[in-house]
Number of protein chains: 2
Amino acid sequence: MRRGIAIATIRDVAKLAGISVSTVSRFLNKSGYVNAETEQSIKNAIEKLNYAPNQVARGLAGKKTNTIALILPDISNLFFSDLARAVEDVAATYGYTVIFGNSDDQGTKEKRYIETLKQKYIDGIIFASNTFGHEDAEMLTKLGIPFVCLDRGPDEQNFSVVRSKNREGAVMAVQHLRDVGCRKIAHIYGPQHLVTGKERLIGFEQSVQGFDWYTPTLLEPADFRIAGGMKATERLMERHPDIDGIFAGNDLMAVGALKALHRMGIRVGEQVAVCGFDGIQTTEITAPELTTIAQPIYDMGALISRLLIKKIEGNLEEDRLYELDVKLIARESTLRRKNGI
Amino acid sequence: MRRGIAIATIRDVAKLAGISVSTVSRFLNKSGYVNAETEQSIKNAIEKLNYAPNQVARGLAGKKTNTIALILPDISNLFFSDLARAVEDVAATYGYTVIFGNSDDQGTKEKRYIETLKQKYIDGIIFASNTFGHEDAEMLTKLGIPFVCLDRGPDEQNFSVVRSKNREGAVMAVQHLRDVGCRKIAHIYGPQHLVTGKERLIGFEQSVQGFDWYTPTLLEPADFRIAGGMKATERLMERHPDIDGIFAGNDLMAVGALKALHRMGIRVGEQVAVCGFDGIQTTEITAPELTTIAQPIYDMGALISRLLIKKIEGNLEEDRLYELDVKLIARESTLRRKNGI
DNA sequence: GTGAAAGCGCTAACAT
DNA sequence: ATGTTAGCGCTTTCAC
């Protein structure tokens with residue numbers, strides 16, 4: 001016996017109320033009729049015994065644990081911790097508990113989590129992890145475990161996807177950079193196996209294709225991280241010292257660009273404008289503050305959480321793609337001239 | 001039946017191996033003897049059926065779920081997401097799953113989590129939440145739920161606490177500021193109901209008490225957040241325009257100080273040196289980069305997680321206070337002169 | 001409207 | 001060394 005004090009069971013309640021266990025259960029779950037008087041006596045008994053249903057037993061009997069899981073690359077990543085916050089907020093509202101797992105974008109870790117979660121009768125899973133693939137989707141479908149994903153392609157089926165308008169966002173970024181007077185804009189793009197990396201690059205190319213100043217060497221790949229953004233910036237500025245605008249595929253790389261430019265003695269905002277993408281909290285604390293195309297991170301987390309729960313409870317009409325609007329947040333890093341935004 | 005495909009049970013394994021359920025269970029838990037041949041046939045059966053024990057059933061029978069919970073103020077807070085990462089890493093290593101909950105430092109939310117966790121037979125809880133108090137400790141003890149805490153006073157009993165050397169860190173901060181030539185140092189202190197806020201203030205006062213330039217008006221309270229740090233800085237600089245060093249009680253407030261000084265046109269590092277406390281990732285991306293007294297955040301998370309698991313498994317010798325070393329990370333924000341560090 | 005009883009999948013005596 | 005059996009606490013037919 002691990003527990004210190006004895007905990008009341010449904011049987012205790014039934015006994016005290018002078019009725020059977022099944023009636024108490026019916027009352028608890030609001031399934032089937034219960035007489036008004038009986039109900040009152042049950043309530044009294046519950047109160048007196050300080051009774052609360054054992055969720056584990058419920059889980060065994062009903063295969064429902066009121067627990068969902070959130071698999072993400074890394075909870076300490078600024079974007080994902082914001083997302084996690086939203087997911088948990090909504091889950092708590094609906095009476096769900098949330099488990100999280102860091103996949104580090106390693107397929108094996110992710111699969112290990114899935115295995116564990118299956119054995120724990122987790123009700124559903126949110127994948128914000130990049131390694132999630134078709135086979136995983138198939139397996140989960142076969143197991144009958146509901147799931148939803150973040151940032152997948154629009155071609156997915158059998159499951160819902162939440163992401164934001166990456167392509168449009170990239171177009172907005174370029175437009176903004178041009179509005180503040182940039183005439184030679186480079187793009188540091190993220191990993192191409194990620195929708196976010198790919199779509200933002202497409203949006204960029206689409207926006208700059210027509211200009212005579214544009215050349216593919218204004219593109220530089222990086223890894224969505226600060227250090228990568230720094231290196232990419234160095235390479236870009238070396239190739240084209242006259243670059244006056246940089247659109248980074250995400251905020252972390254934009255922060256890297258800020259740092260690199262700073263080290264080169266280039267004044268961000270005045271000489272070179274920098275625009276990021278994501279809208280993580282950190283963009284507010286850089287100097288200069290970072291202009292960014294903000295995703296509604298909290299809303300995305302809240303939506304995906306709500307979708308999963310609806311799906312679990314059988315209230316989701318259909319699986320589909322939800323593309324949320326992004327928003328330009330113009331700050332100091334793109335304040336090129338007085339007549340700029 | 002929610003699950004799509006049928007999942008093998010221990011009974012299936014027993015049947016296929018031609019033995020009884022209890023033998024399989026014994027094998028699974030390595031409790032009691034099992035014949036070599038029998039063992040082999042069990043292994044075969046398990047493999048063939050792709051069997052994995054149902055953790056919920058195990059939980060019901062054994063009151064052990066291999067799940068721990070992490071209650072923190074806010075997962076989207078930079079410090080706590082780093083901590084959460086460490087906690088989960090270690091937990092996963094030991095075969096534990098982790099649930100997290102955001103308390104927002106509201107006692108009611110925290111109590112609600114405790115209630116839920118109890119009903120789910122969670123094995124133990126890590127409290128990084130500030131609202132955790134004596135009554136909670138008592139309740140958990142009575143319930144027999146193991147727990148450990150972050151950043152509590154040294155006077156706690158019945159449970160282990162992990163924190164870092166806050167007072168020493170504050171002394172180090174002042175020493176460093178003096179080393180780089182500061183002659184009038186202010187302190188933005190955090191909430192005094194938190195050990196971190198209190199201890200750092202004590203360390204500061206202890207360090208500056210002897211100096212003739214010191215006066216209590218060099219102290220300014222704030223809330224451990226960026227905006228609070230900004231306001232405090234403004235007030236301080238107004239009162240004492242000749243302040244040349246600021247020690248903020250945590251990094252977020254230090255970031256606020258950076259921003260405020262920047263707005264006032266004061267060059268951080270040269271005119272006024274700023275030192276934070278915590279060592280969150282963000283300190284690397286401010287401009288200038290922020291000098292800070294770094295707590296070993298990952299280590300703290302790893303340690304507290306390990307402690308809890310040991311306690312759960314009955315391997316923790318005694319409950320005690322673990323005070324980890326902090327480390328000065330000198331960066332641009334305190335680079336006052338060439339002969340500075 | 002209410003109760004009896006089987007069963008969820010596993011563990012842990014206890015017996016052999 | 002292995003099998004039998006009684007729970008763990010709840011849900012859910014199926015009778016009454």
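- Cation-pi check for A/Lys30 over A/Phe27 is met; the charged atom lies under 6.0 angstrom from the ring centroid and within 45 degrees of its normal.
- The side chain of B/Arg11 approaches C/dG9 more closely than any other nucleotide in the set C/dT11, C/dG3, C/dG9.
- Looking at heavy-atom distances under 4.0 Å, A/Ser25 makes contact with a base.
- For the atom pair A/Asp151 CG and A/Gln295 CD, the distance stands at 6.0 Å (nearest 0.5 Å).
- Residues forming a side chain to side chain contact (heavy atoms under 4.5 Å, CB included) with A/Asn102 (at least two apart in sequence, or on another chain): A/Leu72, A/Asp74, A/Ile75, A/Phe100, B/Arg85, B/Glu88, B/Asp89.
- Rounded to whole angstrom, the span from the CZ atom of B/Phe27 across to the C1' atom of C/dT11 amounts to 16 Å.
- Nearest-nucleotide mapping onto DNA chain C: of B/Ser31 and A/Gly18, the residue sitting toward the 5' end is A/Gly18.
- Side-chain contact between A/Pro154 and A/Glu323 is absent, with no heavy-atom pair separated by less than 4.5 Å.
- Between the side chain of B/Asp82 and the main chain of B/Ile297, no donor-acceptor pair closer than 3.5 Å is present.
- Taking atom NZ of residue A/Lys15 and atom P of nucleotide D/dG9, one finds them 12 Å apart after rounding to whole Å.
- Considering only side-chain N and O atoms, B/Lys63 lies under 4.0 angstrom from the phosphate OP1 or OP2 of D/dG9.
- Paired with A/Asp319 under the rule salt bridge (Lys or Arg N to Asp or Glu O under 4.0 Å), one option of A/Lys311, A/Lys310, A/Arg152 passes, and it is A/Lys311.
- Considering only residues two or more places apart in sequence or on other chains, A/Asn158 meets the side chain to side chain donor-acceptor pair (under 3.5 Å) condition with none of them.
- Using a 4.0 Å heavy-atom distance criterion, A/Leu60 is classed as a base contact.
- The stretch residues 36-55 of chain B comes close to DNA chain C through B/Tyr51, B/Pro53, B/Asn54, each having a heavy atom under 4.0 Å from the strand.
- Protein atom OH of B/Tyr121 is 7 Å distant from nucleotide atom C1' of D/dG9, rounded to whole Å.
- Each end of the helix from C/dG1-D/dC16 to C/dT16-D/dA1 gets its own axis, taken as the rotation carrying the C1' atoms of four end pairs onto the next four within a five-pair window, and the two axes meet at 40° to the nearest 10 degrees.
- For B/Lys109, the NZ atom sits in a packed shell: over 12 heavy atoms of surrounding residues, nucleotides or ligands are nearer than 6.0 Å.
- B/Val21 comes within contact range of at least one nucleobase, with a heavy-atom separation under 4.0 Å.
- The interatomic distance linking A/Gln119 (CD) with C/dC10 (C1') rounds to 13 Å, in whole Å.
- Rounded to whole Å, atom P of C/dA4 lies 14 Å from atom CD1 of A/Ile10.
- The side-chain heavy atoms of B/Val195 and B/Arg163, taken from C-beta on, include a pair separated by under 4.5 Å.
- Distance, A/Lys64 NZ to D/dT12 P: 12 Å, rounded to whole Å.
- Within the model, atoms OH of A/Tyr33 and CD of A/Glu39 stand 14.0 Å from one another, a figure rounded to the nearest 0.5 Å.
- Rounding to whole angstrom units, CG of residue A/Leu28 and P of D/dT12 are separated by 12 Å.
- Ranking D/dG9, C/dG1, C/dC10 by closeness to the A/Asn35 side chain, first place goes to C/dG1.
- At the phosphate of C/dG3, OP1 or OP2 sits under 4.0 Å from a side-chain N or O atom of A/Ser20.
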Between the protein and nucleotides 13-16 of chain D, list every N/O to N/O distance that falls short of 3.5 Å.
none

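- Aromatic rings of A/Phe159 and A/Phe127 (six-membered ring for Trp) have centroids beyond the 6.0 Å cut-off, not under it.
- Sorted pairs that involve residues 45-92 of chain B and meet ring pair (Phe, Tyr, Trp, His ring centres under 6.0 Å), not counting sequence neighbours, are lacking altogether.
- Between B/Asp12 atom CG and C/dC10 atom C1' there is a gap of 13 Å when expressed in whole angstrom units.
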